[in-house]
Amino acid sequence: MKHFINLKDIPSRDLRKIIVDAKKRKKKRKKLNTLEPDKGSPLKGKMLVQMFEKASSRTRISFYLAIKQLGGGTLTLRSNELHLGQGGETIADTAKILSTYGDGFMLRTDDDKKIEDFQKHLKIPIINGLSPSSHPTQVLSDIFTVEEIKKKPISKLKICWIGDSNNVLDSLIAASVKFSFRLSIGCPKKFAPGKKVKDWVIKNKKKIFIYHDPKKAAMDADVIFSDKVISLNDKVNKKRKKQHFQKFKIKKEIFNYTKKNCIFLHCLPRGDEVEESVFLGKNSHVWQQALNRVHVQKSILLYCFGKLR
Ligand code: CP
Ligand code: NVA
């Protein structure tokens, strides 16, 4: 049994194996309908319980499809429907119950500590479906999308992030170390990556490049990533934070600085950090990116259930 909590704690070879498996599975099911299981139904009879403390569209639907396509099923819960969410039951007891009924647990939470606590008490694998410090299923799937479109290993590409230093960026930074790609970040000084994540990069003898000018960050890039300036439950003065990001709004002109075939990716949902003409423009592959969540999460589930070939 393996957990999937933070990319930084998962060996690079396992992450690569997940991507390779996802690629094979995606190719093989081209002729199958949405809910038809993959050949052999490798997770037949298994149930994934997913619990959301925050809103989600993509993560909940893509995990539903992922386990279905492996022959299993899912139950989706909002934490406030449980005794746990009402303050009437502990994580320890809830974890025991989840382990009694279910085979895997996916949690989207406001609190990294909750994932740790669940991990301690669960007898089934836990998957981080977004926490304040990380969005690992999103970013691993994004690596898959980049390689699918660019037809090259990501280590040969220049990746740029323009936006807030949030959970998605933290996972992208972890991925830059695990997959050895060059990552340049364009963000306001006040919203640059924190010391903890920078120290971890240094400890791993790698480098990230931080610029406070979006054009410098985008120079020669093969991929530009972005995300909302205001994340779910971001407890900041929203108006003031958005002002800091004004000159980081992604406009068509940014592609004058990148490589010619630079692509644009965004995990969604979007805010006003990117112009419509970019988001819906020819460089954008955001819908393919969202779809690939299904394919990569299937291989993540197989990894967690000890069934990755
Ligand atoms: N990208 C992503 O995780 O979307 P949701 O918040 O809709 O799940
Ligand atoms: N950074 C965003 C990602 C949403 C998928 C958030 O945490 O809200």
Side-chain angles (χ1 to χ4, degrees), residues 4-7 22 48-68 74-79 105-115 126-146 161-175 183 185-188 191-194 197 223-236 238 241-242 244-245 248-250 264-274 279 284-298 300-301:
F4 194 88
I5 299 176
N6 282 309
L7 296 182
L48 175 74
V49 179
Q50 32 175 359
M51 187 167 87
F52 292 90
E53 293 186 337
K54 293 168 156 183
S56 167
S57 305
R58 282 142 289 267
T59 305
R60 63 183 292 166
I61 301 170
S62 57
F63 264 105
Y64 170 82
L65 291 176
I67 188 118
K68 272 278 190 191
T74 182
L75 175 69
T76 302
L77 306 168
R78 294 287 310 191
S79 55
F105 182 48
M106 205 274 308
L107 177 64
R108 170 168 288 197
T109 177
D110 263 338
D111 183 355
D112 285 289
K113 171 102 179 24
K114 266 193 200 156
I115 299 190
I126 180 166
I127 297 174
N128 178 354
L130 183 148
S131 71
S133 76
S134 146
H135 196 2
T137 62
Q138 174 74 54
V139 169
L140 190 60
S141 168
D142 293 348
I143 306 297
F144 175 94
T145 302
V146 167
W161 170 277
I162 298 178
D164 191 22
S165 294
N166 61 15
N167 43 7
V168 179
L169 177 60
D170 275 9
S171 289
L172 191 64
I173 292 173
L183 176 62
I185 297 160
C187 61
F191 296 96
V197 61
V223 184
I224 295 183
F225 276 101
S226 192
D227 184 13
K228 270 187 164 184
V229 169
I230 310 292
S231 279
L232 289 162
N233 300 3
D234 204 349
K235 290 181 187 61
V236 286
K238 296 188 174 68
K241 186 170 178 186
K242 282 187 178 176
H244 280 279
F245 277 89
F248 292 85
K249 182 162 182 153
I250 301 171
F264 174 75
L265 295 177
H266 190 302
C267 62
L268 294 158
R270 62 174 150 147
D272 49 17
E273 64 286 344
V274 51
F279 193 83
S284 174
H285 293 264
V286 294
W287 312 119
Q288 181 177 349
Q289 177 186 9
L291 174 68
N292 280 337
R293 298 281 304 276
V294 177
H295 298 291
V296 175
Q297 285 161 193
K298 284 165 71 180
I300 292 173
L301 286 165

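Note that ligands are numbered from 1 as they come in the structure, with each ligand's atoms numbered from 1 the same way.
Here the side chains of L232 and R108 are in contact, with some heavy-atom distance below 4.5 Å. By the 4.5 Å heavy-atom criterion applied to side chains, C267 and S141 are not counted as neighbours. Counting only heavy atoms from C-beta outward, the side chains of D227 and D164 never approach each other to under 4.5 Å.
Remark: D234 does not engage K228 in a salt bridge, criterion side-chain N to carboxylate O under 4.0 Å. D110 and K54 are joined by a salt bridge, as a carboxylate oxygen and a charged side-chain nitrogen come within less than 4.0 angstrom of each other.
In this structure K114 satisfies the side chain to side chain donor-acceptor pair (under 3.5 Å) test together with E53, sequence neighbours excluded.
Residue R108 places a heavy atom less than 4.0 Å from ligand 1. Residue L268 places a heavy atom under 4.0 Å from ligand 1. Ligand 1 has no atom lying under 4.0 Å from any heavy atom of R60.
Against a heavy-atom cut-off of under 4.0 Å, S56 is close to the following atoms of ligand 1: 5 (P), 6 (O), 7 (O), 8 (O). Against a heavy-atom cut-off of under 4.0 Å, R293 is close to the following atoms of ligand 1: 1 (N), 2 (C), 3 (O). Here is the list of ligand 1 atoms found below 4.0 Å of a heavy atom in H135: 2 (C), 3 (O). For ligand 1, the atoms sitting less than 4.0 Å from at least one non-hydrogen atom of C267 are 1 (N), numbered in the order shown with element in parentheses.
Considering backbone and side-chain N/O of P269, none are found under 3.5 Å from N/O of ligand 1. Where the criterion is an N or O separation shorter than 3.5 Å, residue side chain and backbone included, L232 fails it with respect to ligand 1.
Ligand 2 lies under 4.0 Å from heavy atoms of L130, H135, N166, N167, V168, D227, S231, L232, L268.
With no hydrogens or angles considered, no side-chain donor-acceptor pair links S226 and E273 at under 3.5 Å. Checking S134 against N6 by side-chain atom types alone, a donor-acceptor pair falls below 3.5 Å.
In this structure a side-chain-to-backbone donor-acceptor pair under 3.5 Å is present from K241 to V229. A donor-acceptor pair under 3.5 Å links the side-chain atoms of K249 to the main chain of D272, judged by distance alone.
Among protein heavy atoms, the minimum distance from atom 7 (O) of ligand 1 is reached at S57 N, 2.6 Å. Counting protein heavy atoms only, atom 4 (O) of ligand 1 is closest to R58 NE, 2.9 Å.
Within a 6.0 Å radius of OH in Y64, other residues, nucleotides and ligands contribute 12 heavy atoms or fewer.
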